[in-house]
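Take a look at the structure below.
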Amino acid sequence: MFSFFSKPDTRKVLVSGIKPTGRPHVGNYFGAMKQNIAFSNSGDYRSFVFIADYHALTTVKNKEELSKQTVEMVAGYIACGLDINKAILFKQSDVPEHTELCWIFNNIVTVPYLMRAHAYKDHEAKGKEVNAGLFDYPVLMAADILMYGADIVPVGADQKQHVEYARDIAGFYNRAFIKDNREYFKMPKELIVERVATIPGIDGKKMSKSYGNHIELFCPEEELKKTVMSIVTDSSSPEEKKNPDENNIYNIHKHFLSTEEDLLLRAKFENGGYSYKQAKEDLLETIFKWRKGKIDIYMRLVKNPNKIYKILNKGGRIAKTEAQKRMKEVRKQVGLDL
Ligand code: ADP
Ligand code: TRP
């Protein structure tokens, strides 16, 4: 909290959300969570990390599922090392100001503009029903990002367009309501790490909960084994030399490895005599090693979510104070405040 005696916080701002639509998986971790954790823990950013439960409502229609998955996402973040003293960790719906800002933005974006969003077009192309929340998804996400004046938004490649929308919407707003050409809403930038932009799933397509091709980080051992052993491979014999870059097992495994370990693994594929069965067992071993210690933290938190509620409560209060300050200004700028 800023007081007369404390210095204003001049650090750059990081904002990142994750939907509680399932349990955290390898794609979420390497594509977004790992970067969020590293940036937050560095202390170089004012870091707002939240569980996007309003966004999840566009698809989840079961209250037990939604609250359980919210707890699991928070537990996942903490187990993977997020320092809760360095990040403001909260639940989006604890700060309803996000929806208020979204509503204000709704009046400066057009329907044809929203119809160009990839997520909307994908749904349409598949003949799926699109609810109004899903159609408006990018606008709520712009509100999440612009609310706190984000400089960077660490995400996977699939979210690039959403951050572009947030920049557009900042521009629409500044032009519509800020008279002296001042940049009131700052332009956020997506942070996409090229190497991990799209982690493949067990079938080689982008790993995603919605494709059911994901490897959960903290599932029971037997389930993890079953998933890893069902990674899709070609029919090459164990003796054959294999191109690691075209191999699903390698393309998942490499993310867990140091540069030296990666080179050793590449060589195994390239030299031949490395069976897919062995490659899968090695990957399994790596994941078990990676999650050792982490899974205990995860299980403890999930079994006793009181600690999670407390953390979210505290983060929610800090985020809300910020959001209320923002909305006070916005309400004035658009003429809602008499
Ligand atoms: P899912 O596609 O499984 O529903 P989310 O949409 O909830 O995953 O993604 C949460 C975060 O994880 C986003 O920042 C997203 O870009 C990132 N992410 C998800 N899957 C992948 C992946 N396969 N590769 C890279 N990043 C990913
Ligand atoms: N749309 C993001 C996803 O599917 C989740 C999200 C919601 C988000 N609001 C955000 C990500 C703001 C970054 C910043 O993963």
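For the numbers below, each heavy atom of this structure counts, side chains included, while hydrogens, waters and symmetry mates do not. Both ligands and their constituent atoms are indexed starting at 1 by order of listing.
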As an exercise, identify every atom of ligand 2 less than 4.0 angstrom from a heavy atom of [X].
X	value
Val153	13 (C), 14 (C)
His55	7 (C), 9 (N)
Lys19	4 (O)
Ala52	7 (C)

In terms of residue, atom name and distance, what is the protein heavy atom nearest to [atom]?
atom	result
atom 16 (O) of ligand 1	Asp158 OD1, 2.5 Å
atom 13 (C) of ligand 2	Gly17 N, 3.3 Å
atom 1 (N) of ligand 2	Tyr137 OH, 2.6 Å
atom 7 (O) of ligand 1	Lys209 NZ, 3.1 Å
atom 2 (O) of ligand 1	Ser208 OG, 2.9 Å
atom 18 (N) of ligand 1	Gly27 O, 3.8 Å
atom 20 (N) of ligand 1	Met207 O, 3.3 Å
atom 9 (O) of ligand 1	Asn28 ND2, 3.4 Å

Short side-chain donor-acceptor distance under 3.5 Å, [Y] and [X]:
X	Y	value
Asp136	Asn106	yes
Ser93	Asp53	yes
Thr21	Lys209	yes
Glu261	Ser258	yes
Asp203	Asn213	yes
Asp144	Tyr54	no

Examine the proximity of ligand 1 to Ile18 and report which part, side chain or backbone, both or neither, has a heavy atom under 4.0 Å away.
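The answer is the side chain.
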
For Ser210, is at least one N or O under 3.5 Å away from an N or O on ligand 1?
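N/O-N/O distance below 3.5 Å does not exist for this pair.
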
Do any nitrogen or oxygen atoms of Ala32 lie less than 3.5 angstrom from nitrogen or oxygen atoms of ligand 1?
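No, there is no polar N/O contact under 3.5 Å.
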
Would you mind running through ligand 1 and noting each atom that sits below 4.0 Å from a heavy atom of [X]?
X	value
Gln159	16 (O)
Val155	14 (O)
Val196	25 (C)
Gly156	14 (O), 15 (C), 16 (O), 26 (N)
Thr198	24 (N), 25 (C)

Gln159 to ligand 2: N or O pair under 3.5 Å?
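Yes - when backbone and side-chain N and O of Gln159 are compared with those of ligand 2, one distance drops under 3.5 Å.
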
If I apply the N/O under 3.5 Å rule, does Asp144 come out as touching ligand 2?
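Among all N and O atoms of Asp144, at least one is under 3.5 Å from an N or O of ligand 2.
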
Salt-bridge contact Glu329-Lys332 (side-chain N to carboxylate O under 4.0 Å)
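So Glu329 does not pair with Lys332 through a salt bridge.
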
What I want to find out is whether Arg326 reaches Glu97 closely enough, with some N-O distance under 4.0 Å, to be called a salt bridge.
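Salt bridge: no.
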
Do Glu270 and Arg266 pass the salt bridge (charged side-chain N to carboxylate O under 4.0 Å, His left out) test, and can you show the C-alpha distance, the side-chain angles, and the key distance before you say yes or no?
CA-CA 6 Å; Glu270 284 163 348; Arg266 288 187 72 83; 3.7 Å; yes

For atom 26 (N) of ligand 1, which candidate among Gly212, Ala56, Ala119, Gly31 holds the nearest heavy atom?
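Considering heavy atoms of Gly212, Ala56, Ala119, Gly31, the nearest to atom 26 (N) of ligand 1 sits in Gly31.
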
Taking atom 22 (C) of ligand 1 as the point of reference, which of Ile252, Ile199, Val26 owns the nearest heavy atom?
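Nearest option to atom 22 (C) of ligand 1, by heavy atoms: Ile199.
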
Tyr148 vs His98, ring pair (Phe, Tyr, Trp, His ring centres under 6.0 Å): CA-CA, chis, key distance, verdict:
CA-CA 10 Å; Tyr148 305 100; His98 288 224; 5.5 Å; yes

Taking Phe269 as the fixed residue, which of Glu240, Lys242, Lys241 is the one that meets the side-chain contact (heavy atoms from CB on, under 4.5 Å) rule?
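Of all the options given, the one that passes is Lys242.
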
Any cation-pi pair here, Lys294 with Trp290, using under 6.0 Å and within 45°?
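Relative to the ring axis of Trp290, which defines the angle, Lys294 lies inside both limits.
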
Under the 6.0 Å and 45° cation-pi test, does Lys12 pair with Tyr45?
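Not satisfied by the 6.0 Å and 45° rule.
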
Hey, does Ala197 sit under 4.0 Å from ligand 1 if you only count heavy atoms?
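Distance cut 4.0 Å: Ala197 passes for ligand 1.
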
May I ask whether Met33 places a heavy atom under 4.0 Å from ligand 1?
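Met33: no contact with ligand 1 (<4.0 Å).
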
Checking contacts here: is it the side chain or the backbone of Ile145 that comes within 4.0 Å of ligand 2, counting heavy atoms only? Could be both or neither.
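For Ile145, the contact with ligand 2 is made by the side chain alone.
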
Please indicate whether Lys225 has more than 12 foreign heavy atoms, meaning atoms of other residues, nucleotides or ligands, lying under 6.0 Å from its NZ.
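No, because the 6.0 Å sphere around NZ of Lys225 holds 12 heavy atoms or fewer from other groups.
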
May I ask you to check whether over 12 heavy atoms, not counting those of Glu129, lie within 6.0 Å of atom CD?
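Count not over threshold, so no.
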
Test ring pair (Phe, Tyr, Trp, His ring centres under 6.0 Å) on Phe172 and Tyr113; report intermediate values, then the result.
CA-CA 12 Å; Phe172 299 156; Tyr113 173 77; 5.4 Å; yes

